[in-house]
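What follows is a set of notes on a single structure, which appears directly below.
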Amino acid sequence: MGIYLNPKNVDFQRALNSEIYVDKTELIAYTNRIMMTEQQYISVSRPRRFGKSMAANMLTAYYSQGADSQEMFAGLKIAQDVDFKKHLNQYPVIRLNMQNFLSKAKNMDDMIARIEKHLLFELTSEFSDVVFFDDTDLQQSLQDVFAKHAAPFVFIFDEWDCIFRIHKTDLDAQTKYLDFLRALLKDQSYVGLAYMTGILPIKKYGQHSALNMFYEYSMMDASPIEEFTGFTEEEVKGLCERYQISYEDMKKWYDGYRVSGISVYNPKSVVESIMRRCLGNYWTKTETYEALKPYIQMDMDGLREKVKCLIAGEKVSANPQKYQNDMTTFGSADDVLTLLVHLGYLTLEAKTLHDDAEEKADVGLRYAPDARDGLVECIIPNSEVRQEFINCIEDGGWEPVMDAICSSEDLLNLTIAGDESAVATRIAKVHQDNSSILQYNHEVSLSCAISLAYYSAKKSYTVIREMPAVGNAPSRSFGGRTEPPLESLRDGTAPGKGFADLVFVPDRNCPNPAMVVELKWDKSVETALDQIRKQHYAACLERYHGEILLVGVNYDKESKEHTCKIERMRK
């Protein structure tokens with residue numbers, strides 16, 4: 001046993017010793033299944049502090065011949081798997097944290113030389129019974145060990161992509177690094193499993209699509225191991241019950257990441273909030289907002305307008321197919337948005353009702369996120385990350401957005417007070433200040449303006465964009481309440497169709513009324529309110545009891561006049 005070859009299980013033991021540990025050992029069942037197959041190469045990319053190193057330590061503890069881990073895993077989920085003992089501590093494991101080597105190296109040649117020197121030293125010490133053909137050649141020495149002992153190596157590389165994040169523009173160093181990994185891993189009979197973790201997917205360019213044997217699992221698509229991307233809803237519910245924490249509050253603050261059809265939570269934020277018994281921006285504090293700021297400040301391909309929509313709570317489309325999997329090659333807004341998904345600042349929007357119905361009707365293969373038309377829909381995942389965007393735009397250049405946000409509390413109060421004229425005037429200003437001339441008469445522009453105008457409502461409301469009316473509504477969770485499918489959907493008594501543009505559902509301790517906002521252009525506010533009544537939008541708040549404000553907003557394209565009408569009802 002050594003430092004990098006056949007390490008002990010002490011690092012995973014630290015995770016088990018922690019007060020909060022969520023059992024993710026069933027990932028091992030998957031890696032066991034693909035051991036020594038064509039699928040044995042795994043590249044897992046997730047944002048920082050999403051449990052990548054913990055998973056790497058877990059796999060090391062399970063496979064390493066330098067550890068005796070049967071007792072450690074005995075009470076965990078993997079112990080119930082039929083192949084648990086078959087693979088337990090049966091393989092020579094090489095475990096490297098590339099960040100540690102990079103920090104000590106003068107350049108890439110020095111880094112690679114250090115890795116090879118360490119591994120050769122430990123190989124020749126550990127396997128003294130092997131006659132090495134050339135003990136200065138790492139690949140040859142690994143082949144010699146495999147020929148003698150017939151046990152394939154398990155390679156576990158953490159922070160494998162650090163060179164692409166730290167030395168973003170050093171293409172020569174990146175090429176040497178990829179060549180090294182390709183020579184070490186590709187088409188080598190001594191490889192039984194290669195598991196790499198990082199933040200970015202594998203860099204591909206020219207002849208140096210060097211690691212194309214890897215199967216990639218990312219924030220774009222992690223199937224079939226998506227449940228190991230972060231904490232699942234059930235796991236967070238269990239923790240909240242155990243520690244008597246409000247799950248509704250936890251959900252509103254940290255939920256929102258969508259990976260291959262399931263919702264996941266950032267483990268760092270969940271654990272910190274439980275241990276401190278306080279909701280806060282824990283994940284975003286692990287790196288300064290300067291990490292996000294350069295990307296959203298880029299002025300290309302309408303990116304700033306898209307960021308504005310994102311901050312407002314809208315979803316925007318992006319094409320991830322041309323992204324080069326690095327942090328410097330940006331040809332369009334799509335590339336920047338795709339990077340932000342991988343970094344954890346954006347997530348893929350949940351599937352639409354149409355997609356859900358289609359999936360239930362067709363039990364065949366699912367589509368990858370970008371398989372149909374090359375587009376995905378992105379959104380800021382939760383309150384914690386949204387605040388980071390606000391931090392990035394406070395320094396200047398986004399004055400109209402910040403003005404709308406700063407005045408949004410007043411607008412909310414004016415709406416609750418029923419001051420229709422003042423509400424219309426405030427909305428008109430936000431619309432004018434935050435819409436380009438070319439997009440002013442556009443539905444999305446008005447919708448974005450409304451969302452910005454009511455930004456402060458997010459603190460005490462759950463704001464639902466395009467909430468389905470009765471006849472369209474699936475189960476959802478609003479403002480601390482889980483809404484089951486409506487009875488009216490089962491008995492067909494309310495055949496309404498359509499979407500309320502914005503629905504504001506007050507949180508548990510919020511005394512304010514609920515609000516349903518309908519947007520119209522070149523119609524009338526009476527038309528907007530009439531549609532709310534006819535579509536039975538209020539019935540979507542089935543579990544809510546109290547006052548509801550029906551807010552109709554109309555915009556006249558010719559005169560650019562905004563009008564508003566507010567009605568009250570009780571439920």
Side-chain angles (χ1 to χ4, degrees), residues 45-48 50 161 164-165 168 198-204 216-222 229 256-261 264 266 283-284 287 289-352 367-393 397-398 401 434 436 439 442 444-445 447-448 451-452 465:
S45 58
R46 300 179 206 154
R48 67 186 189 277
F50 260 73
D161 63 331
F164 301 100
R165 293 184 281 111
K168 303 175 184 179
I199 293 176
L200 298 176
I202 292 174
K203 169 72 175 174
K204 297 181 176 68
E216 296 193 60
Y217 306 90
S218 72
M219 298 300 283
M220 286 286 182
D221 189 5
T229 302
Y257 290 100
R258 190 81 174 183
V259 183
S260 301
V264 297
N266 168 254
W283 176 73
T284 54
E287 191 165 20
Y289 73 91
E290 295 293 340
L292 171 63
K293 186 175 180 179
Y295 301 111
I296 68 172
Q297 296 285 12
M298 291 181 179
D299 190 10
M300 63 161 70
D301 190 28
L303 176 61
R304 290 175 69 90
E305 288 300 314
K306 292 182 178 182
V307 170
K308 189 185 301 180
C309 287
L310 289 166
I311 291 173
E314 302 287 327
K315 56 189 177 185
V316 300
S317 295
N319 181 357
Q321 297 190 33
K322 295 185 294 181
Y323 176 56
Q324 296 298 301
N325 295 353
D326 62 26
M327 303 181 79
T328 57
T329 310
F330 302 116
S332 66
D334 293 334
D335 295 334
V336 177
L337 295 174
T338 303
L339 171 63
L340 295 183
V341 172
H342 290 297
L343 295 180
Y345 292 108
L346 297 178
T347 188
L348 301 189
E349 170 67 330
K351 288 186 292 186
T352 64
Y367 287 96
D370 59 350
R372 301 192 192 194
D373 55 10
L375 296 178
V376 297
E377 290 186 320
C378 307
I379 196 167
I380 296 176
N382 53 45
S383 299
E384 180 184 23
V385 180
R386 189 176 295 109
Q387 182 57 49
E388 195 74 349
F389 276 81
I390 300 301
N391 293 341
C392 290
I393 68 173
W398 298 80
V401 178
N434 289 279
S436 67
Q439 293 185 331
H442 193 283
V444 174
S445 176
S447 176
C448 180
S451 298
L452 278 177
R465 177 72 175 92

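Because only heavy atoms are used, hydrogens play no part in the values below, and waters and symmetry mates are left out as well, while side chains stay in. Note that the structure is predicted; figures quoted are calculated from it, not measured.
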Taking the side chain as every heavy atom from C-beta outward, state whether Gln321 and Thr338 have any atom pair closer than 4.5 Å. no
Exercise for the section: Go through the steps for Asn266 and Val385 under the test side-chain contact (heavy atoms from CB on, under 4.5 Å), then give the verdict. Expected result: CA-CA 11 Å; Asn266 168 254; Val385 180; over 6 Å; no
Residues Leu348 and Met220: closest non-hydrogen pair is CD1-O, 3.5 Å
Contacts satisfying ring-ring contact (aromatic ring centres under 6.0 Å, His included) that involve residues 298-317 (not counting sequence neighbours) are none
ask   = Does the side-chain contact (heavy atoms from CB on, under 4.5 Å) test come out yes or no for Glu388 and Tyr345, once each step is laid out?
value = CA-CA 9 Å; Glu388 195 74 349; Tyr345 292 108; 4.1 Å; yes
Those residues at least two apart in sequence (or on a different chain) that pass salt bridge (charged side-chain N to carboxylate O under 4.0 Å, His left out) with Glu384 are none
Arg165 meets the salt bridge (charged side-chain N to carboxylate O under 4.0 Å, His left out) criterion, sequence neighbours left out, with Glu159, Asp161
Side chain to side chain contact (heavy atoms under 4.5 Å, CB included) filter on Arg304, not counting sequence neighbours, yields Gln297, Asp299, Trp398
Taken to the nearest 0.5 Å, the spacing of Asn319 CG from Leu337 CG works out to 11.0 Å
Report task. Compute the centroid of each ring, for Tyr295 and then for Phe330, and state whether the two points are separated by less than 6.0 Å. Result -> yes
Passes side-chain contact (heavy atoms from CB on, under 4.5 Å), Ser218 versus His342? Steps please.
CA-CA 7 Å; Ser218 72; His342 290 297; 3.8 Å; yes
Applying side-chain contact (heavy atoms from CB on, under 4.5 Å) to Leu292 and Leu340, what does each step give before you reach the verdict? CA-CA 8 Å; Leu292 171 63; Leu340 295 183; 3.7 Å; yes
Rounded to the nearest 0.5 angstrom, the NZ-SG distance for Lys315 and Cys309 is 12.5 Å
When rounded to the nearest 0.5 Å, the distance separating CG of Leu200 from NZ of Lys168 is 9.5 Å
Main-chain N/O of Gly344 paired to Tyr257 side chain as donor or acceptor, under 3.5 Å:
yes
Smallest heavy-atom separation, Gly313 atom then Ile379 atom, equals O-CD1, 3.7 Å
Contacts of Tyr217 meeting ring-ring contact (aromatic ring centres under 6.0 Å, His included) (sequence neighbours excluded), chain-then-number -> none
So do Ile311 and Lys308 actually touch side chain to side chain, heavy atoms under 4.5 Å?
no
**Prompt:** Sub-3.5 Å donor-acceptor pair from the side chain of Glu349 to the main-chain atoms of Thr347, do we have one?
**Reply:** no
Exercise for review: Kindly determine whether Ser451 and Glu314 satisfy side chain to side chain donor-acceptor pair (under 3.5 Å), including the steps that lead there.
Suggested key: CA-CA 8 Å; Ser451 298; Glu314 302 287 327; 2.9 Å; yes
Value for CG (Asn325) from CD1 (Ile202), rounded to nearest 0.5 Å, stands at 8.5 Å
Here the gap from Gln387 atom CD to Asn391 atom CG, rounded to the nearest 0.5 Å, amounts to 5.0 Å
Only residue of Ile296, Val401, Thr284 satisfying side-chain contact (heavy atoms from CB on, under 4.5 Å) with Phe389 is Ile296
Do Cys448 and Asn434 have side-chain heavy atoms sitting under 4.5 Å apart?
no
Check whether any side-chain N or O of Ser317 sits under 3.5 Å from a backbone N or O of Glu377 as a donor-acceptor pair, and report yes or no. no
Correct closest heavy-atom pair for Leu310 and Cys378 would be CD2-O, 3.7 Å
Review point. Do Asp221 and Ser260 come close enough that some side-chain heavy atom pair is under 4.5 Å?
Key: yes
In short, Ala318 meets Pro320 closest at the heavy-atom pair O-CD, 3.5 Å
For residues 326-337, the side-chain hydrogen bond (donor to acceptor under 3.5 Å, both in side chains) pairs (sequence neighbours left out) are Lys203-Asp326, Asp326-Thr329
To the nearest 0.5 Å, atom CD of Gln324 lies from atom NZ of Lys322 at 10.0 Å
